[in-house]
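Take a look at the structure below.
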Amino acid sequence: MHRYRTHTCGALRESDIGKDVRLAGWCHRIRDHGGLLFIDLRDHYGLAQVVADPESPVFKLAETLRSEWVVRIDGKVRRRPAGTENPDLPTGAIEVFVTGIEVLGSAGELPMPVFGEQEYPEDIRLRYRFLDLRRDRLHGNIMKRGAIIDSIRHRMKAQGFFEFQTPILTASSPEGARDYLVPSRIHPGKFYALPQAPQQFKQLIMVSGFDRYFQIAPCFRDEDARADRSPGEFYQLDVEMSFVTQEDVFEAVEPVLRGVFEEFAGGKPVTPKFPLIAYADSMRQYGTDKPDLRNPIKMQDVTAHFRGSGFKIFANMIDGDSAVEVWAIPAPTGGNRAFCDRMNSWAQSEGQPGLGYIFWREGEEGGAGPVAKNVGPERTTAMREQLGLKVGDAAFFVAGKPKDFVKFAGPARNKVGAELGLVAKDRFDFCWIVDFPMFEWNEEDKKIDFSHNPFSMPNMDVEKFLKLDAGDQEKILSIKAIQYDIVCNGIELSSGAIRNHRPEVMKKAFAIAGYPEDMLEQKFGGMLHALSLGAPPHGGIAPGIDRIVMLLCGEENLREVVLFPMNQRAEDLLMGAPSEVTPKQLRELHIRLNLPEKT
RNA sequence: GGGGGCGUAGCUCAGUUGGUUAGAGCGCUGCCCUGUCACGGCAGAGGCCGAGGGUUCGAGUCCCUUCGCUCCCGCCA
């Protein structure tokens with residue numbers, strides 16, 4: 001007989017009745033009836049009921065077992081007495097009558113029980129992550145994560161992609177997020193940086209002639225956390241391809257994501273063909289570049305209806321500045337004062353002066369509410385018709401410069417959809433967001449900046465692009481990059497681009513954003529040289545693995561799908577990271593601490 | 001860096017207008033219990049009410065400060 005087990009805890013069935021078996025696992029739950037004792041023995045695979053009574057030679061020992069002790073159990077499989085089967089358990093028809101026990105690992109009092117579904121404070125869960133990971137839900141999430149990554153690998157390889165590894169210790173790059181730095185012992189005063197993404201490496205792999213790259217790549221960014229953004233580190237499905245257009249990337253990646261989602265969504269519908277939405281349209285209709293398409297509400301421009309109207313607040317704003325617009329958020333079925341007032345209060349709690357609205361109800365088909373009173377029934381009805389609304393519906397209005405109010409309009413659209421129950425549940429609604437602006441105006445520094453990724457190819461005739469000068473500011477700001485995002489249920493899953501593989505175009509792009517050529521040479525010299533010595537056109541994308549798993553596990557927080565996550569302050573409470581190091585270590589690295597003064 | 005929420009037993013929470021000895025469930029300890037699977041019953045231990053200061057005859061409760069956790073803004077090519 002094996003030293004520890006002949007079967008796993010989830011394996012035994014009626015066909016095993018009569019066998020002498022050996023099991024090992026954790027005491028999940030103990031029910032002591034005095035003369036009869038049940039232990040649910042748990043391992044990775046399942047649960048088995050172990051039973052002892054005074055006829056068992058180890059009954060006395062069995063009575064001393066406690067929750068989460070790790071034990072080896074010897075016993076005989078027998079059929080449970082009629083009426084005591086547990087149909088909820090795969091092993092529920094049988095039980096193991098115990099004849100031998102060996103305690104393999106005892107446990108003191110637990111800071112949190114493994115049994116049950118009770119919620120626990122995050123710091124305790126993180127400090128005792130190994131206990132939390134024993135629990136069903138987290139254990140299942142992590143296993144599902146592994147299966148998802150497995151599926152992604154298979155699907156990528158089936159499409160002719162090959163997996164590569166890229167360096168973890170690399171060089172700091174000036175754009176983007178804050179880097180994690182690693183001091184060099186051999187080169188005093190110099191630092192490695194952990195990669196924010198293997199962006200340059202994957203491009204170099206294409207320049208090296210490998211054609212189709214992918215990697216489940218760790219990425220490191222020293223930025224503050226969010227529920228859907230791990231502090232410190234996360235994983236991307238990093239993809240790059242040579243000789244491709246945007247459409248080729250879509251055709252390679254979309255089936256992988258759709259396939260993975262269909263495989264793991266548990267029957268929830270997945271968008272069969274991801275629609276393309278231009279960045280500008282997404283901002284106008286949804287107030288965000290990551291729209292939740294489960295919410296059917298689309299905003300519309302209703303500026304014309306308010307221009308010169310009796311609603312003086314809006315009318316005067318429109319006359320005063322040609323950039324001012326009024327957008328309507330249609331609210332089907334929201335046509336009652338209670339709802340509209342609730343939205344208004346919500347807007348105020350969000351720091352807005354209020355939220356104008358019109359609602360239509362029986363007897364007041366011309367519109368009700370203070371806005372309608374001032375605008376008059378003709379304009380009100382015209383708006384209702386434009387918005388495709390009917391009696392019983394409402395519309396909310398936001399006014400100002402769109403780039404200022406979208407930060408509020410987007411959430412307001414979400415709020416209306418959620419409050420009125422218009423948002424479809426249990427589905428995965430994907431889209432591509434395309435045509436991102438290449439540059440944007442930085443109001444603070446009064447200069448042109450890269451809008452998103454400086455390595456993207458501008459979607460413009462190369463010769464014309466190279467001839468641009470400072471006087472073409474308007475034209476420059478209208479340039480689109482060949483860049484795209486995948487969004488699912490309002491979560492940005494990935495971002496990608498056709499890269500700028502021509503050194504002269506890249507130099508020009510950086511010059512437009514105010515970066516001198518010698519800086520470009522200094523920071524991206526390796527990349528530039530690579531592009532100068534025979535670089536293929538190439539492009540790619542990088543879906544966030546953690547977010548994909550989060551969506552497929554139905555979790556709202558990344559920490560529920562990561563084995564050993566850090567807390568929001570980027571601390572690992574289990575391992576005690578970050579930690580102080582010895583003076584000797586610092587000396588070797590030529591580092592002297594200059595700590596902030598404590599107040 | 002800024003804003004919101006939370007902080008009472010190991011855990012989840014209740015705690016009246018500021019008023020005697022701060023409670024419940026789970027967990028833990030002991031005793032009882034031969035068919036449970038959220039087993040049941042009895043008894044018990046366990047509290048710097050996050051910390052510090054203030055108001056008051058009296059503070060878990062009111063005020064100020066601070067710390068921790070969390071969500072958001074900034075930030076995230």
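Every chain is numbered from 1 and lettered A, B, ... according to where its sequence line falls, protein lines coming before strand lines. Please read these numbers as outputs of a predicted model, since none were measured by experiment.
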(message) Would the base of B/C39 count as contacting A/R29 through its side chain, where contact means a donor and an acceptor less than 3.5 Å apart?
(response) no
(message) Would A/F220 and A/Y180 count as a ring-ring contact (aromatic ring centres under 6.0 Å, His included) here? Give the steps.
(response) CA-CA 7 Å; A/F220 306 89; A/Y180 273 101; 7.1 Å; no
(request) Report the distance from atom CD of A/E85 to atom C1' of B/U36, rounded to the nearest whole Å. (result) 13 Å
(request) Take A/F115 and A/E63, find for each the nucleotide of RNA chain B with the closest heavy atom, and name the residue whose nucleotide sits nearer the 5' end. (result) A/E63
(request) Ignoring hydrogens and angles, answer whether the base of B/U29 and the side-chain atoms of A/R66 contain a donor-acceptor pair closer than 3.5 Å. (result) no
(message) As a test of reading the structure: which of B/C72, B/A38, B/C37 is closest to the side chain of A/Q49, going by heavy atoms?
(response) B/C37
(message) Ignoring hydrogens and geometry beyond distance, is the side chain of A/R226 in donor-acceptor contact with the base of B/G74 at under 3.5 Å?
(response) yes
(request) Could you point out which residue of A/T99, A/L23, A/I101 forms a side-chain contact (heavy atoms from CB on, under 4.5 Å) with A/D74? (result) A/T99
(message) Should the side chain of A/R78 and the base of B/G35 be counted as holding a donor-acceptor pair, with the cut-off at 3.5 Å?
(response) yes
(request) Would you please name every residue forming a salt bridge (Lys or Arg N to Asp or Glu O under 4.0 Å) with A/E122, sequence neighbours left out? (result) A/R559
(message) Stacking between B/U36 and A/H33, yes or no? Criterion: centroid separation under 5.5 angstrom, plane angle under 30 degrees.
(response) no
(message) Using the P atom as the point on both nucleotides, what is the distance between B/U29 and B/C67, in whole Å?
(response) 39 Å
(message) Using the P atom as the point on both nucleotides, what is the distance between B/G4 and B/U20, in whole Å?
(response) 33 Å
(message) I'd like to know if A/R229 reaches the base of B/C76 with its side chain such that a donor and an acceptor end up less than 3.5 angstrom apart.
(response) yes
(request) Establish, from distance only, whether the side-chain atoms of A/Y213 and A/D238 form a donor-acceptor pair under 3.5 Å. (result) yes
(message) For the C1' atoms, the ones on B/U21 and on B/G35, what distance do you get once it is rounded to whole angstrom?
(response) 43 Å
(request) Please measure how far the C1' atom in B/G18 lies from the corresponding atom in B/G60, and state the result in whole Å. (result) 11 Å
(message) Counting runs of three or more consecutive pairs, Watson-Crick or G-U wobble, with each distance below 3.5 Å, where are the stems of RNA chain B?
(response) B:1-7 with B:67-73, B:10-13 with B:23-26, B:28-32 with B:40-44, B:50-54 with B:62-66
(request) Could you check if a side-chain atom of A/M283 sits within less than 4.5 angstrom of a side-chain atom of A/D289, using non-hydrogen atoms only? (result) yes
(message) Closer than 4.0 angstrom, basic N to acidic O: yes or no for A/E560 and A/R125?
(response) yes
(request) Write down the distance separating the P atoms in B/U16 and B/U61, rounded off to the nearest Å. (result) 11 Å
(message) Rounded to whole Å, how long is the line connecting atom CE of A/M566 with atom C1' of B/U70?
(response) 17 Å
(request) Would you indicate, yes or no, if B/C69 has its OP1 or OP2 atom less than 4.0 angstrom from a side-chain nitrogen or oxygen of A/R569? (result) yes
(request) Could you check how far CG of A/N567 sits from P of B/G68, rounded to whole Å? (result) 11 Å
(request) Check whether any side-chain N or O of A/R547 sits under 4.0 Å from OP1 or OP2 of B/C76, and answer yes or no. (result) no
(message) Suppose we screen for salt bridge (Lys or Arg N to Asp or Glu O under 4.0 Å). Which residues come up paired with A/R13, at least two apart in sequence or across chains?
(response) none
(message) Taking ring pair (Phe, Tyr, Trp, His ring centres under 6.0 Å) as the cut-off, I'd like each qualifying pair that reaches into residues 114-136 of chain A, sequence neighbours left out, listed once.
(response) A/H28-A/F115
(request) Ignoring the backbone of A/R559, work out which of B/G35, B/C75, B/U70 is nearest its side chain. (result) B/U70
Restricting to nitrogen or oxygen on both sides, can you table the protein-nucleotides 2-11 of chain B pairs closer than 3.5 Å?
from: B/G10; atom 1: O2'; to: A/P111; atom 2: O; distance (Å): 3.2

(request) Describe, in one word, how the ring planes of A/F510 and A/F450 are oriented to each other, choosing from parallel (under 30°), tilted (30 to 60°) and perpendicular (over 60°). (result) perpendicular
(message) Nearest to the A/D32 side chain among B/C37, B/C33, B/U70, which nucleotide is it?
(response) B/C33
(message) Please determine whether any donor N or O and acceptor N or O are separated by less than 3.5 Å between the side chain of A/D224 and the base of B/G74.
(response) yes
(request) Please state the P separation for the pair B/U70 and B/C33 - nearest whole angstrom. (result) 47 Å
(request) For B/C26 and B/A38, measure between their C1' atoms and round to the nearest Å. (result) 10 Å
(message) When you measure only distances, ignoring hydrogens and angles, does the side chain of A/E95 come within 3.5 Å of the base of B/G35 through a donor and an acceptor?
(response) yes
(message) Please determine whether a side-chain nitrogen or oxygen atom of A/N557 lies at a distance below 4.0 Å from atom OP1 or OP2 of B/C71.
(response) yes
(request) Nearest-nucleotide wise, let me know which of A/S451 and A/P54 is further upstream toward the 5' end of RNA chain B. (result) A/P54
(request) Compare all side-chain heavy atoms of A/L41 with those of A/I73 and state whether any distance is below 4.5 angstrom. (result) yes
(request) Measure from the side chain of A/D53, starting at C-beta and using heavy atoms only, and say which of B/U36, B/U34, B/C75 lies closest. (result) B/U34
(request) Provide, to the nearest angstrom, the distance between the CG atom belonging to A/D449 and the P atom belonging to B/C76. (result) 10 Å
(request) To the nearest Å, give me how far apart CD1 (A/I94) and P (B/C37) are. (result) 18 Å
(request) Mind calculating the distance between CH2 (A/W69) and C1' (B/C28) to the nearest angstrom? (result) 13 Å
(message) Counting C-beta onward and ignoring hydrogens, is there a side-chain heavy-atom pair between A/M506 and A/L528 closer than 4.5 Å?
(response) yes
(request) Choose from B/C71, B/C76, B/U36 the nucleotide whose nearest atom is closest to any side-chain atom of A/T84. (result) B/U36
(request) Just compare B/C76, B/C37, B/C71 and give me whichever is closest to any side-chain atom of A/D40. (result) B/C37
(request) Give the ring-plane orientation class for A/W432 versus A/Y484, where under 30° counts as parallel, over 60° as perpendicular and anything between as tilted. (result) perpendicular
(request) For A/K407 and B/C72, give me the distance from atom NZ to atom P, rounded to whole Å. (result) 14 Å
Residues 228-237 of chain A, side-chain donor-acceptor partners within the protein, below 3.5 Å, at least two apart:
from: A/R229; atom 1: NE; to: A/D224; atom 2: O; distance (Å): 3.2
from: A/R229; atom 1: NH2; to: A/D224; atom 2: O; distance (Å): 2.6

(message) Should the side chain of A/N86 and the base of B/C37 be counted as holding a donor-acceptor pair, with the cut-off at 3.5 Å?
(response) yes
(message) Could you tell me how far B/U17 sits from B/G10 if I compare only their C1' atoms? Round to whole Å.
(response) 34 Å
(request) Grab the OH-C1' distance between A/Y128 and B/G27 for me, whole Å please. (result) 15 Å
(message) If you only use heavy atoms from C-beta on, which nucleotide in B/G35, B/C76, B/C33 is closest to the side chain of A/F38?
(response) B/G35
(message) Please confirm whether the shortest side-chain N or O distance from A/R31 to OP1 or OP2 of B/U34 is below 4.0 Å.
(response) no
